[in-house]
Amino acid sequence: MDSLALETVTAPEPVTVERSTVTLHINGEETEVTLDHRTTVLDLLREQLGLTGAKKGCDHGQCGACTVLVDGRRANSCLLLAVAQEGAAITTVEGLADGDTLHPLQEAFVERDALQCGYCTPGQICSAVGMLQEAADGHPSHATPPDALTADRTSLDAEEIRERMSGNLCRCGAYPRIVEAIEDVTP
């Protein structure tokens, strides 16, 4: 009979969850939260703060359904760790309206019927707000003609809008109406 050697196995030590308290400015309101260091901005917004406008689509930063504005710039909230945003101003689709008055892009999306299922719409709208500011600041895209690069605002035709919004996917294919809605508010 063979003898089996028994090894002593020790249980791994319990994992300590690191938590921190951070202050964020969400939709214009200062918010202090204590959270796990692994919490994304998207999970914080949806699960802890009840702001469900930003959607969890791919959870890999590839679909844009979770797009919010961080300090005025569009960002995929599923990729941002909330603890790294200390002091940041985060605007969700819920924070774009001024009371009962919709943001011009929200109005344009409604008027143009620029949605079908609506899942991507909050991310599309937040992305469009950020994109319009990028263009106003003179940031070019891959579709911007080289002779258009000036200190002035970049012209936003349909091709330019499509290129700049290419990080936001719509499974329903409402792209023509989305572009039209954005064109409606483009100066």
Side-chain angles (χ1 to χ4, degrees), residues 15 17-20 22-28 31 33-96 103 105-106 108-109 114-144 154 156 158-179 181-182 185:
V15 176
V17 176
E18 297 288 329
R19 297 178 69 77
S20 292
V22 296
T23 301
L24 304 168
H25 303 276
I26 300 175
N27 295 332
T31 305
V33 292
T34 301
L35 42 78
D36 181 324
H37 287 185
R38 300 167 294 183
T39 303
T40 64
V41 169
L42 178 61
D43 289 337
L44 169 66
L45 293 170
R46 292 184 60 80
E47 296 173 15
Q48 292 182 272
L49 301 178
L51 296 170
T52 57
K55 303 294 190 266
K56 187 175 278 197
C58 66
D59 212 19
H60 295 286
Q62 296 176 351
C63 72
C66 67
T67 304
V68 297
L69 301 171
V70 178
D71 293 331
R73 296 192 55 109
R74 53 191 172 157
N76 292 327
S77 62
C78 72
L79 298 179
L80 300 177
L81 293 176
V83 294
Q85 306 309 310
E86 171 69 41
I90 298 172
T91 305
T92 67
V93 72
E94 294 95 339
L96 291 177
H103 185 280
L105 270 165
Q106 290 171 312
F109 267 66
L115 54 112
Q116 286 184 36
C117 78
Y119 195 82
C120 73
T121 305
Q124 295 275 1
I125 292 171
C126 283
S127 187
V129 170
M131 179 270 297
L132 289 174
Q133 188 59 54
E134 290 166 12
D137 292 342
H139 298 285
S141 78
H142 290 291
T144 306
T154 300
L156 292 176
E159 179 184 5
E160 186 76 30
I161 291 169
R162 281 191 298 274
E163 170 61 29
R164 289 173 180 266
M165 293 294 293
S166 65
N168 289 80
L169 304 179
C170 173
R171 293 179 183 154
C172 300
Y175 297 114
R177 298 290 183 158
I178 291 169
V179 171
I182 295 169
V185 299

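Counting only residues at least two apart or in different chains, salt bridge (charged side-chain N to carboxylate O under 4.0 Å, His left out) contacts with residues 48-73 comprise Asp43-Lys56, Lys56-Asp59. Among residues at least two apart or in separate chains, side chain to side chain donor-acceptor pair (under 3.5 Å) pairs with a member in residues 166-176 are Thr67-Asn168, Ser127-Asn168.
Counting all heavy atoms, side chain and backbone alike, Thr52 lies closest to Arg46 at O-NH1, 2.8 Å. Nearest heavy atom pair, residue Leu35 against residue Gln48, reads CB-OE1, 4.1 Å. Closest heavy-atom contact between Cys170 and Ile178: CB-CD1, 4.4 Å. Closest non-hydrogen pair, Val70 versus Ala88, comes out as CG1-CB, 4.0 Å. Between Ala82 and Leu24, the shortest heavy-atom distance links the atoms O-CD2, 4.3 Å. Closest heavy-atom contact between Ala108 and Val185: CB-CG1, 3.9 Å.
No donor-acceptor pair under 3.5 Å is formed between the side chain of His60 and the backbone N or O of Gln62. Checking side-chain atoms of Glu134 against main-chain N and O of Arg74 turns up no donor-acceptor pair under 3.5 Å.
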Please step through side-chain contact (heavy atoms from CB on, under 4.5 Å) for the pair Leu115 and Gln124, ending with a clear verdict. CA-CA 10 Å; Leu115 54 112; Gln124 295 275 1; over 6 Å; no
Would Leu45 and Val68 count as a side-chain contact (heavy atoms from CB on, under 4.5 Å) if you check the C-alpha gap in whole Å, the side-chain angles of each, and the deciding distance to 0.1 Å? CA-CA 10 Å; Leu45 293 170; Val68 297; 4.0 Å; yes
Show, in sequence, the C-alpha distance, side-chain angles and deciding distance for His25 and Ile90, and conclude whether the side-chain contact (heavy atoms from CB on, under 4.5 Å) test is met. CA-CA 6 Å; His25 303 276; Ile90 298 172; over 6 Å; no
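Side-chain contact check for Gln106 versus Val93: some heavy-atom pair is nearer than 4.5 Å. Between Glu18 and Val83 there is no side-chain heavy-atom pair separated by less than 4.5 Å. Side-chain contact between Ile182 and Arg164 is absent, with no heavy atoms from C-beta onward closer than 4.5 Å. Side-chain atoms of Leu96 and Cys126, non-hydrogen and from C-beta on, do get closer than 4.5 Å to each other. Looking only at side-chain heavy atoms (C-beta outward), Val22 and Gln85 stay at 4.5 Å or farther from each other.
Residues passing the salt bridge (charged side-chain N to carboxylate O under 4.0 Å, His left out) test with Arg177, sequence neighbours excluded: Glu180. Take Glu94 and apply the side chain to side chain donor-acceptor pair (under 3.5 Å) test, not counting sequence neighbours, and it matches Thr92. Ala143 pairs by the side chain to side chain contact (heavy atoms under 4.5 Å, CB included) definition with Ser141, Glu159, Glu160, Glu163, not counting sequence neighbours. With sequence neighbours excluded, the residues that form a salt bridge (charged side-chain N to carboxylate O under 4.0 Å, His left out) with Asp36 are Arg38.
With rounding to the nearest 0.5 Å, the separation of CG in Leu49 from CD1 in Ile26 is 5.0 Å. Note: Glu86 CD to Leu81 CG = 14.0 Å, rounded to the nearest 0.5 Å. The CZ atom of Phe109 sits 5.0 Å away from the CD1 atom of Ile125 when rounded to the nearest 0.5 Å.
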